[in-house]
Structure formats: C-alpha cells, structure tokens
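Heads up: the structure comes next, in structure tokens.
From a predicted model like this one, the values you see are computed outputs, not experimental measurements. Convention: sequence-line order gives letters A, B, ...; per-chain numbering from 1.
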Number of protein chains: 2
Amino acid sequence: MTRHSWNSIKDLVMQKLNARHWLPGEKLPNEEMMARDYGVARTTLNRALREIAKEGYLIRRRKAGTFVATHPVRRAVVNIPIIRHEVEASDKAYRYRLLEQKMRLPPAKLETRPCLYLRAMHYADDAAYGLEERWINPHTTPDILTAPLDRMSANEWLVLNTPFSSGLVGFSAANATDEQADLLGLRPDAAVFIVNRETWQDEAFITSAQIIYTNTYRVESQL
Amino acid sequence: MTRHSWNSIKDLVMQKLNARHWLPGEKLPNEEMMARDYGVARTTLNRALREIAKEGYLIRRRKAGTFVATHPVRRAVVNIPIIRHEVEASDKAYRYRLLEQKMRLPPAKLETRPCLYLRAMHYADDAAYGLEERWINPHTTPDILTAPLDRMSANEWLVLNTPFSSGLVGFSAANATDEQADLLGLRPDAAVFIVNRETWQDEAFITSAQIIYTNTYRVESQL
DNA sequence: GTGTATTTGTCCGTATGTATG
DNA sequence: ACATACATACGGACAAATACA
C-alpha cells in the first residue's frame, strides 16, 4: 500500500536528473516543498536525497540548498578480496607456499623495531598467481608469531584475528625485477601489477603488504 | 550530545567490534534492546547499524538479526577524477593536446557502426602525464561531433554534457608499445599503468577510454 | 562583524510493512 | 501460519550551518 518508499523517490529524482529536468549547478526546491510535491514526509525525501548526494550527483549545503553536481566525482568501489577467495571464485585450485619468514628491521616509516618479514607465493591451478611480500608488526600483533603461516596466508590469518582502524590501498605498475620475473614465470622486465596495502591501528602499524601480480591481472569495478 | 548521535553510536559499536566484544559470526542483541541500552530511539540505532553494515562489518537479515561479518569484504572507494583536476590538484599547469580525431569502426563489442576515435595527450607542467585513446559513440551522443575537442578534453565535455549512466573501470599494467613509450617519454618496454573506462546508457555504448599513465602513477585509496 | 532567517541534519516515538526462521 | 526482527514511513521538534541583510 505504501506506494512511496525513499528508494522510489530516489529513482524518480534520478530520472529527472538524467532527463536534465534540473541542469548541472541548478538548485532544487527545498525539502519541504519536494516532500509535499511527492506526497511523502520530509524525512523520507531527506533520505532519498542524502543517498543521491552520497553517490555524488547532488551537493547539499545547509541554508544554501540542494544543487545538481556540476562535476560529479565518479567513485568506483573496488573489492579487496582474500586471494584464496579470488582464486576459488574463478574455479581454480588455490595453493599457497611460504618462501621466507624471518625477523628483520622494516623501513623506518613503519617501525623502528624488528618485525616479521614474509615472502610467499600464491598459485591458481599450479600457475603462479601472485607474489606477496609482507611486514607484520609483532608488537601490535604478538599472536602472529605462533600463527600457522606455513599453511594459511598471513592475509587470511590477519583478517580473522586482528581488528584494524584504518588502512590504505594502492595500485601501481612496474617492471618486474629478475627475481620476481623468475618466481612468477614471466620474461625479464615484464610489466607487473602491484597492489599495496597498509593497515594501522591508532598510529601503530599492523601490517604492510605488497602483492605482485602478473600483467594479466586486472582490478575491475562498477562505476 | 544530541549532535550526531547515530554517528557516536556507530563509533561505539565499531569499538566493541574491534575489541571482539562480539565475535565474528555472533549475533548482536536486537535493535530494540540495543536502543534501550544506549538510550537512543530505535531509528537512531537503526541508522548506526545500517551504516556499519554498508561498510561490510555487519550482516543484517530480517527476522534473523544482526551478525558480525565473518569475512568482512574490504571495499576501497577510489575517486575517478577528471584528469585536469587531478593535475591541478598537484599544483601543476595542465595542458591538453589532441593528436588524432577521426571516424572509424570500433571493436564489435561496442558498436557496429563507425564511431569517433580520439587520441590525446595530457601534460602536467609540460611533462607527459597520460596518453588517452577513446571511442565515442555519435549515435548516442550526436553533439560530440560539434564539441570543441581541440580545446577541451573529451572526458570533461562528456561529464558536462551527457547524463549519468552505468559504467566500468578497470586498472591494469602493461609494457608500453614503442609508440606509447615515445609519446610518454619512457624507455621502450617500460611498465605503464592503464585505466580503462566504459560508460553505457541502457545497453547503448557512450564512450570507452583507455588512459595510459607512466609507471610513476598510482591509484590510492583509504580502506 | 553581527544578527537573522533559511535550509539541511538529526532525533524521537509510534506505527506499519515485509521477509523469514 | 505465526512470531520475530529488520525496513521504512510519518510528523513534530530542535540543532547546526551559513547565506544574506
């Protein structure tokens, strides 16, 4: 019986935006008026407009009003899956091999005390999938020292066992070093796709990882 | 205290999640109880939990309840700016040069009729910044044929003049072709970072672009 | 700089809808 | 079929930000 949900109001406004009913930069009527026009409560209309604004198509400012974004900032949401899930999602057998594990002094921007350094390979159906180089801070995550890292990737263990407050992801490209090319089965100097991740908890560094993928790897996302 | 109450409730719940007050997979108390516990209205608590769920840390199902996500899917939101804005944001002078513009038959998956094909360079302080190769469908966007593409990048024109639509973004790495290396001032075979974009409107293709950046380019994002 | 009016942001309490165990 | 828990609606109220006089 409720013909109007905030979602249908959202669709309706989006249609008007697409139809250029209001031009970029133009001011929309205020909430109260629009709510009356569409026959819904202001809170309902508010939610619809808030959602549209979050998607970047509207700009809302108190006292000023609601405006059509002139340059909608396109945002893409990319999923950062656990590598095992990513491989298994493409119907391949996942395998993980720990290459190296030792305590070393990390780059100064991370920590001044020695940390756990790991190198590991990820395989999909026995083909090299990605090379992982990772630092883990045992001072914030002491349990890592007894984790079964020979069987389970550090990534997966960390997701299950440590909360974190903030993080960074970066995507970049580089030419493979000879060693990387060798491990990944690529020709020397081949382009590789690199995903960097850093996670922190309240100024204290938890882990920093670099995953080197072959150049066939792509990150894709709906706009 | 009345200020941003849903946000402070969200912080509070996030803290409890981080502190493992509820374990992954565990069920939280129902909305009514939590609202009473925290001394807020149920709608307020609802909003807090809804936001947390949208970030992936909680799973909510009607009748079943609210649960701690076992494998929170990490999502990173990356902004896809207009290249001019990106360059100007780093305090450099932006320059754009159209290299080529003609009608050609695009890849069949896009369109079966001839489309506009563009190649253009983007510069930051006279240093090569990115090479753009783009298809634009004049059958969905006829005005493009009279747009001043020698002065304004197609990207920017399209953002201003075509309605919103669905799209795809992809990030990948590759070795530069000789021509690309030459245009970008890179050594032959250097790794380049490639951003692909496709935008569609109701099954009809609008534009498809590939922007080739030097390997110093990075896409970064907060987790 | 100050004050005021406007507009969005949020909260509350209640009520109803809806998916689902 | 039923009960439960989330999803959403409504209207009234006040807070916060800020454009404008």
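Atom CZ in Arg50(B) sits roughly 7 Å away from atom P in dT8(D) (whole-Å rounding). Met33(A) places its CE atom 11 Å from the P atom of dT8(C), with the value rounded to the nearest Å. Rounded to an integer number of Å, the gap from NZ of Lys54(B) to C1' of dA7(D) is 13 Å. Here the C1' atom of nucleotide dG9(C) and the CD1 atom of Ile9(B) are 17 Å apart, to the nearest Å. Rounded to an integer number of Å, the gap from CD1 of Ile59(A) to P of dT18(D) is 14 Å. Computed from coordinates, the Trp6(B) CH2 to dC11(C) C1' distance equals 13 Å when rounded to whole Å. The interatomic distance linking Arg36(B) (CZ) with dG13(C) (C1') rounds to 14 Å, in whole Å.
Although no hydrogens or angles enter the test, the distance criterion places a donor-acceptor pair under 3.5 Å between the side chain of Asn137(A) and the main chain of Phe205(A). With hydrogens and angles disregarded, no donor-acceptor distance shorter than 3.5 Å links the side chain of Asn79(B) to the backbone of Arg75(A).
By the 6.0 Å contact criterion, NZ on Lys92(A) is open, its count of non-hydrogen atoms from other residues, nucleotides or ligands being 12 or less. By the neighbour-count criterion of 12 heavy atoms within 6.0 Å, atom CD of Glu220(B) is densely surrounded, having more than that number from other residues, nucleotides or ligands.
Salt-bridge annotation for Glu31(B) and Arg60(B): present, with a side-chain N of the basic residue lying under 4.0 Å from a carboxylate O of the acidic one.
Within the 4.0 Å cut-off from OP1 or OP2 of dT8(D), not a single side-chain nitrogen or oxygen of Ser5(A) is found. Between dT10(C) and Arg47(B), a contact under 4.0 Å exists linking OP1 or OP2 to a side-chain N or O.
The nucleotide dA1(D) finds no pairing partner, because no Watson-Crick or G-U wobble arrangement with both distances shorter than 3.5 Å includes it.
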Distances under 3.5 Å between protein N/O atoms and the N/O atoms of nucleotides 3-6 of chain D, please, pair by pair.
| residue | atom | partner | partner atom | Å |
| --- | --- | --- | --- | --- |
| dA5(D) | O4' | Lys63(B) | O | 3.3 |
| dC6(D) | OP1 | Thr66(B) | OG1 | 3.1 |
| dC6(D) | OP2 | Glu31(B) | N | 2.9 |

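At the heavy-atom level, Thr44(B) lies under 4.0 Å from the strands shown only through sugar-phosphate atoms.
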Under 3.5 Å, which donor-acceptor pairs link side chains of residues 14-21 of chain B to any protein atom two or more places apart or in another chain?
| residue | atom | partner | partner atom | Å |
| --- | --- | --- | --- | --- |
| Arg20(B) | NH2 | Leu160(A) | O | 2.9 |

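Checked against the 6.0 Å centroid criterion, the rings of Tyr213(A) and Tyr129(A) qualify as a close aromatic pair.
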